[in-house]
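See below for the structure under consideration.
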Protein chains: 2
Amino acid sequence: MKSIEKAVSALQLMVETGGELRVGDVSRHLKVNRSTASRLLASLAGGGLIEQDPLTQRYGAGILAVQLAAGFHRKFDIVEQAQREMEALARETQHTVWLGVLSGAEVVVLKTVRGSQPIQFAVEPGHRLPAHAAAMGKALLSLKPDPEIRSLFEGPLQATTKQTLHSIDALLQELSLTRLRGYAISDQELFDGVKAISIALTERHKGTSIAVSVSYPLFALADGNDQPIIDALLAFGRHFGARIGDARWTR
Amino acid sequence: MKSIEKAVSALQLMVETGGELRVGDVSRHLKVNRSTASRLLASLAGGGLIEQDPLTQRYGAGILAVQLAAGFHRKFDIVEQAQREMEALARETQHTVWLGVLSGAEVVVLKTVRGSQPIQFAVEPGHRLPAHAAAMGKALLSLKPDPEIRSLFEGPLQATTKQTLHSIDALLQELSLTRLRGYAISDQELFDGVKAISIALTERHKGTSIAVSVSYPLFALADGNDQPIIDALLAFGRHFGARIGDARWTR
DNA sequence: GAGTGTGTTGCGTATTGTGCAACATGTTGT
DNA sequence: ACAACATGTTGCACAATACGCAACACACTC
């Protein structure tokens, strides 16, 4: 069903370019004629999945997308339940708390709660991070068996800083360490000067997994001691894990 | 582009049925063969717009939908900005505060903040309400000229209570009254025993319009005097209207 | 006012989406 | 336990329809 696949590609493009698409963009990236791109977007807009700004003629997300997402959040209602406990964790650590899920080899950020410190690193919900570089990604990958992890990555791992792991073997080794340690670490592997720790939680009934992480800039840790943050995150894991029936955190 | 239109219809169906679809459902409602429905859903799932539960084989919203919705919320960032002031309004009135936008002849609920009273009427974000019966709907419709409103409705208006307006002419009359009054009222026209008042706000730069409403059960108003609620809502309109540059509320 | 970039229609052709059938699997009923 | 039914997923031939090519309309730029 190629036309539908093209339509979905256009939607992905819309996400990547940050929410606004022109007919020409779709035409170029999908390598189809402008006429085709025009009709494609018009069809999507007809049902409300996307909508065209009558002034700029640009296409953006529509209300149907919001409604669909609402259905997703119902499935992942842990996300809503986590809100208050994430706020408490942010208050306690004074740093940004993240929540994300795995999508292929990327982590999709579903929610962020900014800490109280003036300077905070955070992205908007919906953004994606490379799973092998983000703490949340490592935490979620560590739930999977090695062969499945291998199949997710093709070729060398893309690096965003000098610390980023660049081989799958190094990643697998790091993940086995993560399993033993109980939480994942990203030490400037995604952003320079930013460290993050993360744990993964699995809802017993639906089997859905999420990751929660705390990120903090190195300069904010005067003594370089991040044990308090780790303890706070692990405490969060025990509390929230018990609530959603996670097997690894409730024993 | 009929195949894409069918795909979008399937997504609408997914929203209406509450988030989970089976191949048979799509086959029946779109009146296509099961094979077609299967391939259609598989194509949508390929890009991550929807995803199939490997156990139940049911299709639900995917992560791409969440990312698209994030783009929508960026466009309507008034919604995020409104959060705190909505909470204040809910605290002050003790009743549920709603925020919604118009989509055709329906209002899509984007956010609700529940009041402090024990019993509260609220729906989840993403739900749709008939615009001619909801206070938010009337507030948003009152921004449009009569001919455009007529074109939105076809045939008699669907009634959900005995108070629901059932003719377009009656609706237009009510809307002209709404314009004079400055705020919209739904007196048990959507739910029995529930009243709601609403105002519409338009962001100056992007031209996007939202409605904010307060709903309250009749039995919660001992003396039947809802003037305090109206005053609180109008005060909200002046404060928030100024912030987003609404022309009608800032003069 | 010529020139460029853009989005949206007709129209003929070939790609591709369609129903039919068959198969695999899971569920119900007796 | 087996039959009967419902459901999801593949080949395959045929017809529907999505495609590119133009041409047009419109907005900007120089």
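Letters go in sequence order (proteins before strands), and every chain restarts at 1.
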Donor-acceptor pair, side chain of Thr112(A) and main chain of Ala122(A), under 3.5 angstrom: no
Quick one: CH2 on Trp98(A) to CE on Met86(A), what's the gap to the nearest 0.5 Å? 10.5 Å
To the nearest Å, give me how far apart CZ (Arg34(B)) and C1' (dG19(C)) are. 12 Å
Determine the contact category for Arg39(A): base if any of its heavy atoms lies under 4.0 Å from a base atom, sugar-phosphate if only primed atoms, P, OP1 or OP2 are that close, otherwise nothing. base
Report yes if a side-chain nitrogen or oxygen of Ser38(A) is closer than 4.0 Å to either non-bridging phosphate oxygen (OP1 or OP2) of dT8(C); otherwise report no. yes
On DNA chain C, compare the nucleotides closest to Lys2(A) and Val23(A); which residue's is nearer the 5' end? Val23(A)
May I ask you to verify whether the side chain of Arg28(A) and the base of dG5(C) hold a donor-acceptor pair under 3.5 Å? no
Describe the nucleic acid contact of Glu5(B) in one word from base, sugar-phosphate, nothing, applying a heavy-atom distance below 4.0 Å. nothing
Extract, from 5' to 3' on DNA chain D, the first and final nucleotides lying under 4.0 angstrom from some heavy atom of chain A. dC19(D) to dC21(D)
Applying a 4.0 Å non-hydrogen cut-off, can you work out what Ser35(B) is touching in the nucleic acid: base, sugar-phosphate, or nothing? base
Under a plain distance cut-off of 3.5 Å, with no hydrogens placed, do Asp169(A) and Ser167(A) share a side-chain donor-acceptor pair? no
What's the CZ-P distance between Arg22(A) and dT8(C), to the nearest Å? 13 Å
